[in-house]
Every structure is written in C-alpha cells, then in structure tokens.
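Treat the numbers as computed from the prediction; the structure is a model and nothing was measured.
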Amino acid sequence: MPKDAPLNSGAPEAPLGSHQRVSGMQAKLHRWAAAEHGRRFDDLFNLVCDPATLLVAFERVAGNKGARAPGVDGITVVNVERELGIPGYLEDLRSVLRTGAFRPSPVRERKIPKPGGSGKVRKLGIPTVSDRVVQAALKLVLEPIFEADFEPVSYGFRPMRRAHDAIAEIHRYGTNGYRWVLDADIEACFDSIDHTALMDRVRASAAPRKFVEGC
C-alpha cells in the first residue's frame with residue numbers, strides 16, 4: 001500500500017475527527033482500486049483495527065433499527081453505552097482483533113413473516129454487538145475497493161444509490177426507444193450464494209490471510 005495510507009499507529013488513542021479520517025481512508029482505497037483493477041491490498045487489517053474505523057463502525061451499528069436487539073450474549077448497544085463505556089469497549093475489541101483472538105459468536109435466530117401475507121417466514125440472524133461492529137468495520141474498508149469494480153448501472157445495496165435512481169435510469173432508457181424492462185430475482189440469494197466463490201473474490205483483493213479470516 002502507498003506510503004500515504006492512513007495506517008494504524010498501534011497507540012490506544014481516543015480518535016479525533018474519526019469520520020474525516022475514515023472518509024479519507026476510503027477515498028484513497030477507492031482511488032487506488034479504480035486506478036489499478038485487480039490490485040491486492042496488503043495492510044487492510046490494520047485499517048479495520050484503526051480506532052477511528054471501529055468508532056465509526058460502532059456508530060453505524062448503534063444507528064441501525066435493530067440496535068436494541070441483543071445477540072446470544074444478551075448485550076445490546078445500550079448496555080455498551082451505559083454500562084461498559086464506548087472507549088473501553090472498543091479498545092478491548094481492538095486488542096482482541098489485533099492479537100488474533102477474536103472469534104465470531106453464533107447468531108441468535110428469529111423467524112419473521114414475509115410481507116404480502118403469504119404465510120412464509122424469513123430467518124433473521126442477530127449477531128452480537130461485537131460481531132456487528134467488526135462486520136461494519138470490514139465493510140468500511142472493503143466497500144470502497146469493490147465499488148471500483150461495479151458498473152454505473154448497478155444500484156442494489158450500494159452507497160448513495162436508491163431504487164429511485166434505478167427508476168430514473170429506466171425512464172431515461174424509455175425516452176430513448178427502449179420498450180422492455182426485465183425484472184428478475186435470485187431466490188433465497190443470501191442463503192444459496194456460493195460462499196467459497198465469494199471469499200475467493202475477497203482474497204483476490206485482500207491479500208493477508210488474517211484479514212480474510214476476519215471476514
């Protein structure tokens with residue numbers, strides 16, 4: 001990775017300007033990935049463990065609708081904020097990550113009805129808060145790299161893109177002579193996706209085994 005990458009210093013600092021630091025890190029990763037497709041990044045795990053990344057990741061988790069739901073350990077975001085303290089909690093989590101002792105916990109499974117009155121249910125896995133924070137930190141680092149490979153017309157589950165953007169694109173094509181729209185879906189995509197093939201794609205960009213295992 002180039003010398004101007006925002007690497008982790010190893011000091012247990014209290015992050016200042018965390019959002020700016022993370023945004024700058026993401027901008028650099030995206031720029032490097034776009035400039036050199038297929039590039040392998042060698043120091044991503046340190047970026048995941050950076051205090052700023054973990055703090056922003058925790059804020060993302062705390063801002064989600066399911067923040068009040070506990071995992072198998074019974075701990076919620078509120079417990080972390082009021083009882084454990086965010087700085088100490090994140091420093092402990094960072095230490096566990098850096099030593100390689102971190103292991104994901106089993107998810108707490110709930111079944112919720114699918115919309116539409118079909119009577120079918122969808123399985124919902126609720127990770128622990130710690131697992132959610134680590135997942136969010138991984139996403140903060142990986143997303144700008146893989147974003148560089150997406151087509152401009154891809155709108156699903158991407159930052160700063162909505163269904164309304166896809167509809168506007170359809171209208172644009174409609175005014176240019178196109179008359180057909182194909183609506184397709186992969187049944188139970190997240191249940192049936194090839195995990196091995198998916199992780200092979202991650203390994204192609206995230207070289208260190210330690211980082212890939214964290215995914």
Between [atom1] of [X] and [atom2] of [Y], what distance do you get to the nearest 0.5 Å?
X      : Y      : atom1 : atom2 : answer
His171 : Asn176 : NE2   : CG    : 13.5 Å
Ile145 : His37  : CD1   : NE2   : 13.0 Å
Arg31  : Lys28  : CZ    : NZ    : 7.0 Å

Mind listing the closest non-hydrogen atom pair of [X] and [Y] along with its distance?
X      : Y      : result
Val133 : Leu54  : CG1-O, 4.0 Å
Ala57  : Leu140 : N-CD1, 3.9 Å
Val48  : Ala137 : CG1-CB, 3.9 Å
His30  : Pro144 : ND1-O, 3.0 Å
Tyr89  : Ser130 : OH-OG, 2.8 Å
Ala62  : Ala67  : O-CB, 3.4 Å

Does the distance from a Lys or Arg side-chain N to an Asp or Glu carboxylate O, for Arg94 and Asp50, drop under 4.0 Å?
no

Hydrophobic cluster membership, with links at side-chain heavy-atom distances under 4.5 Å among I/L/V/M/F/W/Y: are [X] and [Y] in one?
X      : Y      : value
Leu138 : Trp32  : yes
Leu84  : Val129 : yes
Phe45  : Val96  : yes

Any sub-3.5 Å donor-acceptor pair from [X]'s side-chain atoms to [Y]'s backbone N or O?
X      : Y      : result
Arg108 : Ala69  : no
Thr53  : Leu47  : yes
Arg110 : Leu124 : no
Arg179 : Gly174 : yes
Ser154 : Glu151 : no
Asp165 : Tyr155 : no
Asp194 : Thr196 : yes

Take Asp131 and Phe102 through the side chain to side chain contact (heavy atoms under 4.5 Å, CB included) test and state the conclusion after the steps.
CA-CA 9 Å; Asp131 287 352; Phe102 176 81; 3.2 Å; yes

Does atom [atom1] ([X]) have a neighbourhood of more than 12 heavy atoms from anything else shown, all under 6.0 Å?
X      : atom1 : result
Arg60  : CZ    : no
Ile170 : CD1   : yes
Arg158 : CZ    : yes
His164 : NE2   : no
Arg68  : CZ    : no

Could you go through the side chain to side chain contact (heavy atoms under 4.5 Å, CB included) check for Ile75 and Thr128 one step at a time?
CA-CA 7 Å; Ile75 296 175; Thr128 63; over 6 Å; no

Could you go step by step and tell me if Phe41 and Leu44 meet the side chain to side chain contact (heavy atoms under 4.5 Å, CB included) rule?
CA-CA 6 Å; Phe41 290 80; Leu44 297 182; 3.7 Å; yes

Check: His19/Glu59 side-chain N/O donor and acceptor closer than 3.5 Å:
yes

Under 3.5 Å side-chain donor-acceptor pair for Ser95 and Asp92:
no

Side-chain touch Leu97/Val134, heavy atoms, less than 4.5 angstrom
yes

Worked verdict on Val80 versus Phe58 for side chain to side chain contact (heavy atoms under 4.5 Å, CB included)
CA-CA 10 Å; Val80 173; Phe58 180 84; 3.7 Å; yes

